[in-house]
Structures are given as structure tokens and as C-alpha cells.
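To keep things clear, I will list the structure first and then write my remarks on it.
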Amino acid sequence: MMVSTADSMANDAAAITRIALQVTGRVQGVGFRPAVWRLARELGFSGDVRNDAQGVRIRLCGTVSAVAAFKTRLIAEQPPLARIETIEVTPCDEPLPDGFRIIDSIGGAARTQIAPDTAICSGCTAETLDPFARRYRYPFTNCTNCGPRLTILRQIPYDRAQTAMAEFPMCSDCAAEYANPADRRFHAEPIACYVCGPLARLIRLDGRATSYDQHSMLDDVDAAGSLVQKGMIVAIKGLGGYQLACDATNADSVARLRSVKQRETKPFALMARDLAVIQRFCSVSDEEAAVLSSPEAPIVLLKLRIDGERLPASVAPGTDRLGFMLPTTPIHLLMLQRMTRPVVMTSGNRADEPQVIDDSELAERLGGIAEYALIHNRPIENRVDDSVVRVDPDGMRILRRARGFAPAALRLPQGFAAAPPLTALGGELKATFCLLRDGEAILSQHQGDMENVATFDDYQRNLALFNAIYNHVPTAFVADGHPEYLISKWGRETAKAAALPLIEVQHHHAHMAACLVENGYALDGAEVLGITLDGLGWGVDGTFWGGEFLIGDYRGFVRAGSFKPVAMPGGVSAIREPWRNLHAHLMAEMGWAAFAMNFGELALAEQLRAKPLSQINDMIRRGLNSPTASSCGRLFDAVAAAVGLCFDRQGHEAEAAMALEAVIDHRALIDEGAELAYPFSIPMLPGSRLPYIEPLAMWNAILGDLILKTPRGVISARFHRGLARAIVRMAVQLARRDSAEGAAFTTVALSGGCFQNAILHSLVRDGLGIEGFTVLSHTRVPANDGGLALGQAAIAAASLIADQTKAKG
Ligand SMILES: [Zn+2]
Ligand SMILES: [Zn+2]
């Protein structure tokens, strides 16, 4: 039964050997064992393969040359969802069976990774659309290479009985596929068909009866598509939660959805049947097409085509991009099959509430929004939103990490192996949490904004679920140092109740560390400069920070530079109403008299005079509800307001900044002389050694440009270039100062939500590169607060490892 040829008998390569391979990584529940089985049989091995607590263990008996080929081919041909991390090869003296066998799991599943949910694969797509296939138009078709994972999981190990499929015993046909190593569905836990699996059904949310054949010749799923085409809003039970769908080309439907969902201006996500539909509206590069069609199938923010068709402005107000995804499940695939227009596919919730996942809440929470709902009887165990990414020239960046990406584990860099298990709780907005264990970090899917009580409840429920799934018992909690964050308060109480330490981590330090972890920066690596630009975070001096230059590592940092601290009159109101920041900036720079004398003729001055300025000035002067913030995000708000973008109000925190980026004149950005970039200076903050970015000269230049009626696209370009140049200059000056004192950083880590601005990011990155710095950026982890928990976990781990070392020494 060995492979042998006449002329290789005397050859060493043909000698028989026995080895064992221990494979770690994401190798369970992804079709790994059958892939090994097929390869081993093809190469003529005897032996076996099994899951164990470390991953997968393979024992092989075969020729020396086949053994070498096996390892290479295993890596090259691993199943689509597998991620091999290590393969350790050792000699094997145990007796092996004849032939090659798959053996049932042994031991626990402590180190097993959980695969994220994955979009329908090409095999299942073809089968679902094949009128002669057993699963023709079956809305829950899946296989080992695709389908639900985290969203149906209740407990590990990942077996059908521990998932939402427990209630659906397999029929004999499915059971035969499940048991056949040669089948694409070998050990596919959510395997299902019409006979044994979940079924979809269209209902009216007002309780009245409906029958699909009023709306379709086919079935309920197709009928849902027809209703959307007729202008209805339909709630759809998707993979990780309910979604709301309407015809994106129908301005009335979109406007109605905005109004009933109470969503002011935040762009809606879109879904289209195929790439051809998307390309009518947006330009799609090869890289973007690949990401759209990848197993993760995220929402990709695509540039509008200049000559393309237009959707109603209310779909994505004030942006130059649309967020598109392709059908992710058979339900979406079937529903959109006959639709040549894009569909709004937004999360099923009202305002800031969490997405509905529970059928019992459907009528109550979405009844006033959608007329119909496409429901089914497979429960959603884990709420998972759609992920959002952008593809930059240097690769994909994840902006919201959820479906398809979470909870893929992130391996911790060198030096973190001894870290004790801990739980980091993340921040207040775009929150995630992070479980750290066994040298890896499990970063949760996007949980939402914790200002909303229902979202916060849901966060706690999800954290409990992750603890159960991963059998996670933390030895410490980690939280943001902000005194008022709900999560930080809750963390302090939870840690106290569990008699565990709570480690507080400064907001921007956590951002910097998240970037270091993501880039595999070793625990003992040299100090770096972290440039962390965002809206707001609590500083160690008890003021708000938000444009920070930190020098340090995982263990600590020094605040080496900053943006200018400016009042935020009205606190939270200043975030919602950009004119407040504009006024505060103008007052801090030149005062009203100088502004009115030099720039009083601007429409801007008129607009400001219409506001309650004396009251605002009074608040600033007396420090009443006007905390200062050295915020980059608020500077963007102020500049956006100055050029008439979101002057009165912004519907979400980044709207003004995104609008300022969207209007940019790309020709001015590339072609204009460098001298036209707005100037900033870098003086020292009074009474300190802290250099800061002073925008006075920039404001004079912008206001002057406004008098000259310079288009705002040009102003935006000059602002972006000027600010990027100032940021790079700050880095150079700090490095110079550092090297005069003996040790200069050579690596710069870029983090914080402002770096989701693609233009600011690339200008700063390129500028730092020219100055000779090694630049680290985010790609797989969001630069915004969605990455905070990862950085918090690493910083706490560094401090606990240092304590251990001290205790030993
Ligand atoms: Zn499949
Ligand atoms: Zn079946």
C-alpha cells in the first residue's frame, strides 16, 4: 500500500518513516481533518488525524520524500477558513493503523480557536441556485467552508449539540454527508436541508395574515425581495441580527427608513446582488472586488464613480463613498436574486439601541419601522454586526471589526507568553472587550456605544457568553481611566466583587499599545513614539486629551507633545454642534474683536453672530461646562464648520471630519506647491516643557482663503497637508530632543480614530517615512476605540509580567 516505484527502492527518499505533526491555529471546525485525510490518502500514507486540546494531531507512516511533500502541501492547500500557526514535527514510535483514519476528538478544547461566521461559498451558492440540487433555494445551505459559527455558538467544543442547531436533528441524507470525509460537509456542524433544518417565513408585523404567493411565484424569501422592490421596509433575520432592508434607489423608502429608525445622517450600508450592480455606482478596484467576495464579505467603503449612477443623497449624506457588501448568506442571495438595484441593508434597531436578535422582541422593537419581516426558526445566539473596511493603496483596513473577523484570535507578540488570563473592558464608544489568555488575544466583535443602556446590557451579556465559550477565568480586569465611563465604573465594581485587581489604562496609551500589538511589536522592543489622534480621552492630568504624542512602550509612557488645549463650550453639546468648537478656537486664537475686524465680512461671522455667543463666552471664561481638550477630532470639527460643513450640527461624532475629507480637491492635494499648505507652529505650552501644535497661523490662512472665496475642497486639501506636515515636524523635533538626551525612538505608531481619515493617514505616514522613521499603522484592528481593549489588555499584561518577574527575583 506504500507508494513505491521500481527505480527508487534503494533511494533514501523511498525509505519508510513515521512522524507525528502537531498543528496549532484555527484548525478545528474548519474542515481541517478531512483535508488532511484527502492529502494523506493521495500521498499513500497510513496513520490518523484527530483534534486535541492544542489543535490537530496527525500521525503518518510513509516515505521520507512523501513526508516532506505532505507538510508543504498541507500549508499550501489548507481549507479556506483554516489558519495554521505552527506545525511541530516529531518522530513517532507508536504503532499506526493500516490505511488512514479520522479519529474523534480527544481531550478538552481549551486552546481551540473559534472560526468567525463566513459568507456563503461558491460551492454552496451554485448548489442553492441549482434547480436539480437537493438544496435548491434552501436559505440555510452551508458547508465546512462557509456558514454560521460564532452567531450560533453556545458553548465549546464546537459541536452541533452546543449550537443553535441542537434543536434540528439531522435527516439521514444530511447525516450521511456529515459522516463522509470525502464530502464538502464532513463534520459541518450547522449542516441542514429542507427536511431537517430551519425554514424561513414571511410575516406581517401588524399581525395580519399574509401569504407569499401574493408577492412571488417562488417562495417567502423571494417575496421579501418583491416587497422591497415595491417600496416596503422589510426586517430580515440575518446572520448575527435583524436587518432592515429597503430599495436604495427609492428616495421615499430611504427617507421613511431614516425617519422611523431615528437615524439622522449616518450613512446606510448597501447590499447588491453582484459586482456588476455595485460597479454602476462605485469604482471597484481588483483589491476591493477581492475583499467584497472574500469569506469575510465585509461592507467595503467604495469611492463613487464620477460618471456613475447616483443614489438618493439620503443614503449616505456628505460622503464621497458608499458602503457596499455582497450577499453574505443564502437568504440574502435568494432575496436579491431578481434585483438589479442595490438595497439598503442596515442594522435592525432604533436609534442607538443594539440590533434586535430575539424574535420575541421583533414586533415590539421593529414593528413601527418595518411592514414585513422575513423570519426563521434558527436562534441567533451571538449578536454580530456587519464589519466595515476600506481598501487603501497599501491594503485593507478594518474600521468596524465584527462579522467575518471576530473572534479570530490575535497572537500576542514576543514576550507576552507568560501573561496571566485577564479581561480588558474597552472604551465607551464603538466598544469591544478583549480576553487575553495563552499568549493570544480574543477581541470581541463591535458592541456599540455604551451611552445606551440596552447596548450596555447587551455588552455584559456578550462578555458572559464569551467567558462561557472560552472557559475564561480572568485574574484581573482592565479598564479605561475615565472616571465617568459606564464600563469603567462597572469594571471597578465587578473587580471588587470578584476580589480581583482592576488595572486602569490611559486612553491614548491603550491606542498606541493596540497598534504595537497588531504589528507584533515585542514586549522588550525599544521605546516608540505613539501619535494618537482622536476625539476625546481622559488624560492622566484630569483633562481631556485627543491629539497626543506619547513616547514609551507597553510598560509606560511620557506625554511628549500635544495638540492645543481648547475649551469645549457645552461639553457634549460641543461635539454635536461644530460651530461651538469653531467659536472656541477663534476666541482662543484671536478673540472676537480681532476676528470681527479682519474677517467680519465673512458669511461665517454672520452665522456665528446668530448664535448665543455672549452666553458661550461666559461659559468659556468661567470654565462652566467647558472642559478643555487637546483634541484632533474637535479641530477637524472646527475647520469643517468654518467652511460650512455641519456648521450647526453633526448627526454622529465623525460626520464633520468625514465631510471635510470627502470634499477634498484631489488635484490641489497633489499639485499645489508645498508653500500653500497651511502653517502651524510648535511652541511650548506656557509653564511646561510640552510642545504643542499651535493653529493660529492656520486659522489666519483659512479665513484669508475664505475672503478670497477659495473653494472649500482646496481649503480642505491645504488643511490636511498643513496638519500632516506639523505632525511630522513634531515627531522630528521630539526625536532630535530625545537623541540629544541619549536615546531616540526610530519607530512611530499611528492610532486613534482620526487616522481612519485615509488622506491624513497617508500624508503622515509618507512624511514620517521620508524622515526615516519606521511607521506602524492599524490594518486588522480598528484605529478607533474599537481597538482600545486590545491595547488595554497588552498594557495590563506587561505590568503583570513585570510583577511576576519582580516576585521571582
Ligand atoms: Zn459552503
Ligand atoms: Zn437534512
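Just so it is clear, the structure is predicted and the values come from calculations on it, not from any experiment. Numbers here are sequence positions counted from 1.
Ring geometry for F433 versus Y459: interplanar angle over 60°, hence perpendicular rather than tilted (30 to 60°).
In terms of modelled atom types and a separation under 3.5 Å, the side chain of Q355 and the main chain of N349 share no donor-acceptor contact. With S751 contributing its side chain and T532 its backbone, the two residues share no donor-acceptor pair below 3.5 Å. The backbone N or O of I575 sits nowhere less than 3.5 Å from a side-chain atom of E653 that would complete a donor-acceptor pair. Counting only distance, with no hydrogens or angles, the side chain of N467 and the backbone of Y470 share no donor-acceptor pair below 3.5 Å. One N or O on the side chain of Y554 and one on the backbone of Y521 form a donor-acceptor pair closer than 3.5 Å. Side-chain N or O atoms of R160 include one that pairs as donor or acceptor with a backbone N or O of F168 at under 3.5 Å. Put simply, the side chain of R26 gets close to the backbone of L81: a donor and an acceptor are under 3.5 Å apart. N142 places a side-chain N or O within 3.5 Å of a backbone atom of P190 that can act as its donor or acceptor partner. Side-chain atoms of R403 never come within 3.5 Å of backbone atoms of D117 as a donor-acceptor pair (strictly under, hydrogens ignored). Side-chain atoms of N51 never come within 3.5 Å of backbone atoms of V56 as a donor-acceptor pair (strictly under, hydrogens ignored).
Contact check on D359 versus R378 returns no salt bridge, with no Lys/Arg side-chain nitrogen under 4.0 Å from an Asp/Glu carboxylate oxygen. Of the charged side-chain nitrogens involved, none lies within less than 4.0 Å of a carboxylate oxygen, so that R50 and D52 do not count as a salt-bridged pair. The pair E167-R154 meets the salt-bridge criterion, with a side-chain N (NZ, NE, NH1 or NH2) lying under 4.0 Å from an Asp/Glu carboxylate O. A salt bridge does not link E353 to K261: none of the charged nitrogens lies less than 4.0 Å from a carboxylate oxygen.
Put simply, CG on L788 and OG1 on T432 are 7.5 Å apart, with the number rounded to the nearest 0.5 Å. Distance check, rounded to the nearest 0.5 Å: CG of L153 to CD1 of I469 gives 4.5 Å. Atom-to-atom distance recorded for R411:CZ and E85:CD is 4.5 Å, nearest 0.5 angstrom. How far OG1 of T423 is from CD1 of I442: 11.0 Å, rounded to the nearest 0.5 Å. Between the CG atom of D457 and the CG atom of N462 there is a distance of 11.0 Å, given to the nearest 0.5 Å. Rounding to the nearest 0.5 Å gives a distance of 8.0 Å between CD of Q414 and CG of D524.
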Test side chain to side chain contact (heavy atoms under 4.5 Å, CB included) on R33 and V27 and set out the steps. CA-CA 8 Å; R33 287 179 305 160; V27 290; over 6 Å; no

Walk me through it: do H508 and Q506 pass the test side chain to side chain contact (heavy atoms under 4.5 Å, CB included)? CA-CA 6 Å; H508 302 92; Q506 198 278 325; 3.1 Å; yes

With side chain to side chain contact (heavy atoms under 4.5 Å, CB included) as the test, would you mind laying out the steps for R401 and H446 before giving the verdict? CA-CA 6 Å; R401 188 175 175 275; H446 167 84; over 6 Å; no

Could you please spell out the steps behind the side chain to side chain contact (heavy atoms under 4.5 Å, CB included) verdict for V384 and L239? CA-CA 8 Å; V384 183; L239 198 54; over 6 Å; no

Verdict with reasoning, S630 to E548, per side-chain hydrogen bond (donor to acceptor under 3.5 Å, both in side chains): CA-CA 8 Å; S630 54; E548 308 307 319; 2.6 Å; yes

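Checked by atom type, the side-chain pair T774/T746 shows no donor-acceptor distance below 3.5 Å. Between the side chains of H507 and D534, at least one donor N or O lies within less than 3.5 Å of an accepting N or O. With no hydrogens or angles considered, no side-chain donor-acceptor pair links T163 and E381 at under 3.5 Å. Residues Q460 and W490 have side chains that bring a donor and an acceptor to within less than 3.5 angstrom of each other. No side-chain donor from either of H187 and T144 sits under 3.5 Å from a side-chain acceptor of the other.
Looking only at side-chain heavy atoms (C-beta outward), L436 and V478 stay at 4.5 Å or farther from each other. Contact check for L776 versus E518: no side-chain heavy atoms found under the 4.5 Å cut-off. The side-chain heavy atoms of L425 and Y485, taken from C-beta on, include no pair separated by under 4.5 Å. R634 is listed as a side-chain neighbour of M568, based on a closest heavy-atom distance under 4.5 Å. With contacts defined as side-chain heavy-atom distances shorter than 4.5 Å, the pair E428/L486 qualifies. Taking the side chain as every heavy atom from C-beta outward, E88 and T24 never approach each other to under 4.5 Å. Under the 4.5 Å side-chain criterion, counting only non-hydrogen atoms from C-beta, H472 is not in contact with F466. Side-chain contact between W545 and W538: absent, with no pair of heavy atoms (C-beta onward) separated by less than 4.5 Å.
Here F140 and H376 bring their ring centres to under 6.0 angstrom of each other.
Nearest heavy-atom pair across R149 and A115 is CB-O, 3.0 Å. Nearest approach of V505 to Q792, heavy atoms of both residues: CG2-O, 4.1 Å. When every heavy atom of S387 is checked against every heavy atom of A402, the shortest pair comes out as OG-N, 2.7 Å. Nearest heavy atoms, S294 versus V291: OG-O, 2.7 Å. Contact detail for L150 and P407: the closest heavy-atom pair is CD2-CD, 3.6 Å. Nearest approach of A798 to L523, heavy atoms of both residues: CB-CD1, 3.6 Å.
Within a 6.0 Å radius of CG in N471, other residues, nucleotides and ligands contribute 12 heavy atoms or fewer. Shown here is R492, whose CZ atom has more than 12 heavy atoms of other residues, nucleotides or ligands within 6.0 Å. More than 12 heavy atoms of other shown residues, nucleotides or ligands fall within 6.0 angstrom of atom CD in Q262.
The only member of D385, T346, D386 that meets side chain to side chain donor-acceptor pair (under 3.5 Å) when paired with Q243 is D386.
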